[in-house]
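Note sheet for the following structure.
Just follow the structure's listing: the first ligand is 1, and inside any ligand the first atom is 1.
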Amino acid sequence: MTGFTIETLDDGRGGHVHFVHTDHVNWVLLQDDSGVTLIDGGYPKQADVVESSLDQIDASASDVRAALVTHAHVDHIGGLRAVAERYGFPVYADPVEVGHVRRDYLQQAGPMDLAPLLYRPRVARWLLEVGTMGVLDRAGIDATQPFPSDGGLDLPGRPRPIACPGHTSGHSAYLVAGGHVLVSGDALITGHGISAVHGPQCLHKAFHHDVATNRASVQALAALDVDVIFPGHGPAFHGPIAEAVAQALA
Ligand SMILES: [Zn+2]
């Protein structure tokens, strides 16, 4: 449960994109001469795993210049919050998502939303597992700021935010590696503890703030010139993004 694997790609400009995959959630490390950009950071109990993943790429949390958030759910900002507080790097999100990351409000499925699904053994098992990882933690990251500029960001790996609302109102994906890799967050995933499907898919509707808006966002991703997807949940997808989008929306 605390383990992880890392898949590393050249970013085409002398740096690397590292996809950190764990059983329950993923994050991404963009590494170049100027340091590391962290995209998301796991469940609250995974802060140490985030640090271990930095060790694994011969970096440390003190090399992190900034973190980017895809969206403000506990499985993406819980561990990040602890690491950011420890090391003091800035945390950025889509301007629409900033208030969510700060916990001015919460757009996250709670126990009552999931109760109708609990008869499914897969859902009950998943809840038991994530229950030990701080899934009920509701703390935000107060210091979160909107992206410092429009377009590509002047941060390690030169990530470019792609507004991708629906899962949450300000959900953002990120184009990296010169635009051929998409960090898709939870807009488009490839596997999840409560899903029997392996491969590109949308999360169960109970987890989305606005299902129709998410579908429209995913449809728009098909036009990108992307051939690798690093999702928030599930393994990496290698292939034309239009195929992944068609599967996810089928
Ligand atoms: Zn998630």
Would you check if there is a donor-acceptor pair between the side chains of D186 and H73 at a distance under 3.5 Å? no
Could you verify whether a donor N or O on one side chain and an acceptor N or O on the other, from Q31 and H18, lie under 3.5 Å apart? yes
About how large, to 10 degrees, is the angle OD2 of D186, then the Zn ion (ligand 1), then NE2 of H233? 100°
D75: which N/O/S atom is nearest the Zn ion (ligand 1)? OD2
What I'd like to find out is whether the side chain of W126 reaches to under 4.5 Å of the side chain of R120, using heavy atoms alone. no
Looking at H76, the N, O or S atom sitting nearest the Zn ion (ligand 1) is NE2
Aromatic ring pairing H192/F207, orientation class (parallel under 30°, perpendicular over 60°, tilted between): tilted
